[in-house]
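We number each residue from 1, following the sequence as shown.
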Amino acid sequence: GEDHPSVGTDYCDLGWSLRDQNRLDEAVTNYRRGLDILERIAAKKLDLANAQTDLSTVLAKQGKLGEAEIHCREALAIMRKELGTDHPDLPRFISNLANILRREGKLAEARPLAEEAVAICQRHPDRVDRWAQESAFRTLRDVLTDLGDTAALEKLDAQQLQYLHTSLPPDDPELANALAQLTLEHLDQGRFAQAEPLARECLAIREKKIPDEWRTFNARSMLGGSLLGQKKYAEAEPLLVSGYEGMKQRQDKIPADGRVRLKEALQRLVQLSEATGRSDQAAEWKQKLAEFDKAAK
């Protein structure tokens, strides 16, 4: 019958699948069905909190931030009651609420929550889920960026780098992945000088551990992008060219969600050609970029 925990979680699992297919209205319907069953039968608190959080994610994607906030608050209240104030499972729920509040423009309320999530991660470097760690630091960085708090951002950069080196072994590919994500965030925010040492460390690890993988060439392109943003054109060019060419040669091995990295590499080459006044070369790279976009449709 419907009044069974497994039925409720099945509806939520279906909601997750529909969300990944971008069928958001159907996803919300199934999450609501699952959540209704779980609440009615007083299911496990963790199942309830996860369902509330996942529903909030879909609602946020639909732009329904007020409703998403309500579900985030309910999920976090459940987890705080069940786990206390310093449990390694909390950062996921705290940073999720902080991010919704940030998007609503409630920065004064978002900041202490985002800081709390990061602080819990720092106290439990080996126990917080890797995705939750990245989300916590990224959310706090977004909040501080929106606030324009440059000093706090610089402090956060140092804290996150120390955290990564504490929680992961040297030369670990997972460390390289975390550094790559952090590098990309800096590049997206135009913080090119801050991105450079992160990109260099990421590239050094990948050249040592996975020299022939497409991600190594993406790291070269990102390092080139950090130099390009600092107008170090001569140093940037060989990295940008080899990064793009290496990814292009391995294009069939790049997963679908990684294809955007190849586009970014092309965009950087366009920017380099324009910045150095080579209009013919810029036109060639733009043509390749147009072909990429056409093939991606």
Taking all non-hydrogen atoms of both residues, which atom of I254 and which atom of M247 are closest, and how far apart? CD1-O, 3.8 Å
L101 and I94: same hydrophobic cluster, using ILVMFWY side-chain contacts below 4.5 Å? yes
Q160 vs V118 side-chain heavy atoms within contact, under 4.5 Å: no
Please name the pair of heavy atoms, one in A60 and one in A68, separated by the smallest distance, quoted to 0.1 Å. N-CB, 4.0 Å
Can you find a heavy atom in the side chain of P125 that is under 4.5 Å from one in the side chain of Y163? yes
Side-chain H-bond candidate by donor/acceptor type, D54 with H71, under 3.5 Å: no
Side chain proximity check, S167 to R130, heavy atoms < 4.5 angstrom: yes
Looking at E284, K286, Q281, which one forms a side-chain hydrogen bond (donor to acceptor under 3.5 Å, both in side chains) with S273? Q281
Are any side-chain N or O atoms of R250 and backbone N or O atoms of D212, one a donor and one an acceptor, separated by less than 3.5 Å? yes
Side chains of residues 106-117: which donor-acceptor pairs under 3.5 Å do they make with residues two or more places apart or in other chains?
residue: K106; atom: NZ; partner: E69; partner atom: OE1; Å: 2.9
residue: E109; atom: OE2; partner: R73; partner atom: NH1; Å: 3.4
residue: E109; atom: OE2; partner: R73; partner atom: NH2; Å: 2.4
residue: R111; atom: NE; partner: E115; partner atom: OE2; Å: 2.9
residue: R111; atom: NH1; partner: D149; partner atom: OD2; Å: 3.1
residue: R111; atom: NH2; partner: D149; partner atom: OD2; Å: 3.1
residue: E116; atom: OE1; partner: R80; partner atom: NH2; Å: 3.0
residue: E116; atom: OE2; partner: R80; partner atom: NH1; Å: 2.8
residue: E116; atom: OE2; partner: R80; partner atom: NH2; Å: 3.4

If you apply the rule side chain to side chain contact (heavy atoms under 4.5 Å, CB included), what do you find for F217 with K248, and how did you get there? CA-CA 9 Å; F217 295 93; K248 181 65 176 176; over 6 Å; no
Minimal heavy-atom distance between P238 and A234, with the atoms involved, is CD-O, 3.2 Å
Beyond-backbone contact of V270 with K288, side-chain heavy atoms, under 4.5 angstrom: no
Can you name the salt bridge (charged side-chain N to carboxylate O under 4.0 Å, His left out) partners of D172, sequence neighbours left out? none
Which is it for L203 and M222 under the side chain to side chain contact (heavy atoms under 4.5 Å, CB included) test, yes or no, and what are the steps along the way? CA-CA 9 Å; L203 178 58; M222 289 196 296; over 6 Å; no
Output, in order, the C-alpha distance, side-chain angles, deciding distance and verdict of side-chain hydrogen bond (donor to acceptor under 3.5 Å, both in side chains) for Q189 and R141. CA-CA 10 Å; Q189 294 168 4; R141 177 169 288 101; 4.7 Å; no
Apply the test side-chain hydrogen bond (donor to acceptor under 3.5 Å, both in side chains) to residues Q52 and S56: give CA-CA distance (whole Å), side-chain angles for both, the deciding distance (0.1 Å), then the verdict. CA-CA 6 Å; Q52 296 273 21; S56 76; over 6 Å; no
Taking 4.0 angstrom as the limit, do R92 and D129 come out as a salt bridge? no
Under a 4.5 Å side-chain heavy-atom rule over Ile, Leu, Val, Met, Phe, Trp and Tyr, are L46 and L76 clustered together? yes
With distance as the sole test, does Q133 use its side chain to make a donor-acceptor pair with the main-chain N or O of C121 at under 3.5 Å? no
Does any N or O in the side chain of S17 come within less than 3.5 Å of the main-chain N or O of D13, such that one atom is a donor and the other an acceptor? no
Are the side chains of Q62 and D25 in touch, meaning some heavy atoms are under 4.5 Å apart? yes
Under 4.5 Å between side-chain heavy atoms, counting indirect links through other Ile/Leu/Val/Met/Phe/Trp/Tyr residues: same cluster for L35 and I70 or not? no
When rounded to the nearest 0.5 Å, the distance separating CD of E174 from NZ of K209 is 13.0 Å
Can you see which heavy atom on N96 is nearest to which on C72, and at what distance? ND2-SG, 3.2 Å
Can V28 be reached from L48 by stepping across I, L, V, M, F, W or Y side chains whose heavy atoms are under 4.5 Å apart? yes
With E237, the salt bridge (charged side-chain N to carboxylate O under 4.0 Å, His left out) member among R278, R268, R220, K232: R278
pair E185-R138: side-chain heavy atoms closer than 4.5 Å: yes
Value rounded to 0.5 Å, distance of OH in Y244 from CD in Q249: 10.0 Å
So how far is it from E245 CD to L240 CG, rounded to the nearest 0.5 Å? 11.0 Å
How long is the span from the SG atom in C12 to the CG atom in D47, to the nearest 0.5 Å? 8.0 Å
Might you point out which heavy atoms bring A236 and G224 nearest each other, and give the distance in Å? CB-O, 3.5 Å
Would a 4.5 Å heavy-atom cut-off, applied to side chains only, mark L161 and L179 as touching? yes
Roughly how far, to the nearest 0.5 Å, is OG1 of T57 from CG of L24? 11.0 Å
CD/Q162: more than 12 non-hydrogen atoms of other groups inside 6.0 Å: no
Can you find a pair of side-chain heavy atoms, one from M79 and one from N50, that are under 4.5 Å apart? no
Just verifying a value: how many Å separate Q271 CD and L228 CG, rounded to the nearest 0.5 Å? 5.5 Å
Do you see a donor-acceptor pair shorter than 3.5 Å between the side chains of E154 and T150? no
Show your reasoning for whether side-chain hydrogen bond (donor to acceptor under 3.5 Å, both in side chains) applies to Q230 and E196. CA-CA 9 Å; Q230 298 175 74; E196 182 182 344; 2.9 Å; yes
Counting N and O atoms only, with roles assigned by atom type, does the side chain of R206 sit under 3.5 Å from a partner on the main chain of R215, one being a donor and the other an acceptor? yes
Could you go through E67 and L55, starting from their C-alpha distance and side-chain angles, then the distance that decides it, and tell me whether this counts as side chain to side chain contact (heavy atoms under 4.5 Å, CB included)? CA-CA 10 Å; E67 192 175 357; L55 174 56; 5.8 Å; no
When hydrophobic residues are tied together by side-chain contacts of less than 4.5 Å, even through go-betweens, does L239 share a cluster with L272? no
Can you name the closest pair of heavy atoms from I120 and P88 and give their distance? CG2-CA, 4.4 Å
Without swapping roles, check the side chain of T139 against the backbone of A136 for a donor-acceptor pair under 3.5 Å. no
Going by atom types only, do Q287 and E291 share a side-chain donor-acceptor pair under 3.5 Å? yes
